[in-house]
Every structure is written in structure tokens, then in C-alpha cells.
Number of protein chains: 2
Amino acid sequence: MVLGLDPGLALTGWALVDGGGGMLRLQGSGCLTTPAHLGEPQRLLALSQQAEELLGMAGADVVAVEKLYFRRNVSTAMAVSQARGILLCAAARRGLPVAEYTPGEVKRAVTGSGSADKRQVARMVQLILGAKVPTSPDDVTDACAVGICHQHASGLRSALAASRA
Amino acid sequence: MVLGLDPGLALTGWALVDGGGGMLRLQGSGCLTTPAHLGEPQRLLALSQQAEELLGMAGADVVAVEKLYFRRNVSTAMAVSQARGILLCAAARRGLPVAEYTPGEVKRAVTGSGSADKRQVARMVQLILGAKVPTSPDDVTDACAVGICHQHASGLRSALAASRA
């Protein structure tokens, strides 16, 4: 089972995607949020504590996140990266491997096209995982998408390994 | 006593700058390093553990770091930000306040000029803190500089408060 994460300081989306038996199922999803009135170090600590709690309860055996690509807003990129560092560290603290996928890989896995827009991704996530997917915020949809991407990629890896055996 | 930090994933410089009695003294300095053969999440975890150990031993009552400004290399900015998030979180975990200064504020505090170059900053750090400052790596000099900046700023704040009392 994979825990897909969409990192952010104010809001981190998460989705637990099970791929057992070749069928993808959403086992849980939600958001980690940190209060805006706290200072940045305290918000990062709150995120760290929530992430450790989630990883402890979720029963995932791998964590999946998008590789970040920012071209325009560097200060947003830095704020998201600080939160992302906290999440990667929390995964390592629990001994869980982290799989990273580019935004293009995620879109392709979910929609078949690496240039799909946010709406197409959201519609396909709903189709693949069923009505249980919350329609907002985007961050949860994005966490589902990276979870789906990981399950597809690991399914392909298994099939490839089997065909070579 | 302030712990100045210059964050990085491979190498984080640190410097413990004491300002008691109006005289700045370097009480210790060094680097936290993480091995390049590990994956990024494991390196962030190693940095987190070393930072917690350092904060436990150092006896600082405040942590000082530079605000990051990157214009060119966004992927470097993101890697440094992930490490910076780990350090801010470690400070919050120990209940220590974090003071942030812009690169211009640090240069001005150390050299008198906000546009000083790296060499001028290094020379002034040596003059202010004495021969104990290691001349390399730069990261330790930069950690000293932000520590000096914090001591100057808090000295000014105290003087201002006293003049108003």
C-alpha cells in the first residue's frame, strides 16, 4: 500500500492507495494542516508530528511524492520544499522507502497524457478510485494521483520482472 | 548565546556566538555533514538527528539563520530549503526561537556594508571573533556571520529598550 503525499506548509494532501489484486482502491485520504498564526518553525514541527502520526497509523509500505518543478515563484518553491523536507525525513524516520515521480509521469500514469490539465487529472482520479475521492481540495486529488502513479509504476516493474524470470 | 546556522544538505555550517558582557566570542563551530551515498530522505534524517544532538549540547537560547534568496538555481534553492526546514523544525522541537536575517542585514552587521563580498565578510568575521574561526569551509564563516548579526541586532534592541525605559 502506498501513501501519496502532496506537500505544503499550510496544507499537505494525503491518500492511501491500495493496489492488491491488480485493482486500485482508496483506503483513506485527508489533509495535514498547520495554523497560520504560528511561526514557520512551529508550523514545520506541527507538520512533522502529524506526518509521523499518519505514517504510524496508515500501514503504508512506501511513500510517493512528486518531484518539484518550479520556474516562476521561487519563494513558493522554497516554502513547499521546507515542508517536503519534513515529510521525506518523517518517512525515513519510519524506515519507509520514498518513490518520486515527475509531474509528467504522474499525469501520464493517470490520464495517458503527460500534458493533461488539472481537471482531466481530477476526473480520471475519480474514475480510477471511485466516488470516495473528495473533490476538494486539489491537494488530496494530487496525492491520489501520485499514489496511482506509483501503483502503475510498480505494477509495470513486477510484470517486467516476471516476463524476464 | 546564539547558534548561527548556514543550512545545506551535504554540509551545514554552525557557530556558537556568545555576546555576554558586550564582547563577542566564538564558543564553538563546525559542520553537520551527510554522506552522499545515502538517498535524500535518509540524508535529511541524518541532518535532523545531528541537529537535535547539536542543539542539545550547544546550550544556545536562540537559533539564527539567513533568509534564503535565490534567483538563478531553483533546484539548489529547493535542496537547501528542504535542509533548512529540517533545521527550523529541530529548533522548534527544542522550544528555541529562530531569528531570521536577510543576506544584506548580515553583511551590513558584519562589515558595515550590505553589498560586501564573501572575502570582506570572512575577513571581518576573523577580526570580530578572533583567530579561532576556521578559514574554511565558507559555511562555517557564514554561520559565524549570521550569529554576529543576531548579537548586534539583539544588542541594538536591548539598547533601544533601555533608552525608552
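Numbers restart at 1 for each chain; the letters A, B, ... are given by sequence-line order, proteins then strands.
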### Task
Indicate, with yes or no, if B:Ile86 and A:Leu32 share a hydrophobic cluster defined by side-chain heavy-atom contacts under 4.5 Å among Ile, Leu, Val, Met, Phe, Trp and Tyr.
yes
### Message
Tell me whether B:Leu129 shares a hydrophobic cluster with B:Leu16, the cluster being built from Ile, Leu, Val, Met, Phe, Trp, Tyr side chains joined at under 4.5 Å.
### Response
no
### Task
Group every Ile, Leu, Val, Met, Phe, Trp and Tyr by side-chain heavy-atom contacts under 4.5 Å, then state whether B:Leu5 and B:Val121 land in the same group.
no
### Query
Is any side-chain heavy atom of A:Glu100 closer than 4.5 Å to a side-chain heavy atom of B:Glu40?
yes
### Query
Which answer fits B:Ala77, side chain, backbone, both or neither, if we ask what part of it has an atom under 4.5 Å from a heavy atom of chain A?
both
### Task
Taking all non-hydrogen atoms of both residues into account, name the closest pair between B:Arg93 and A:Ser48 and its distance.
NH2-OG, 3.0 Å
### Query
Can you name the closest pair of heavy atoms from B:Pro41 and A:Val98 and give their distance?
CG-CG2, 3.7 Å
#### Entry: side chain to side chain contact (heavy atoms under 4.5 Å, CB included) partner of A:Met78, the single match among B:Val74, B:Leu68, B:Val80
B:Leu68
### Summary
Greatest number of non-hydrogen atom pairs under 4.5 angstrom with chain A, of B:Ser81, B:Ala92, B:Cys89, falls to B:Ser81
### Task
Verify the cluster assignment for A:Val65 and B:Leu9: are they in a single hydrophobic cluster under the rule of side-chain heavy atoms below 4.5 Å apart?
yes
### Task
Determine, using the 4.5 Å side-chain heavy-atom cutoff (strictly less than), whether A:Val62 and A:Leu96 are members of one ILVMFWY cluster.
no
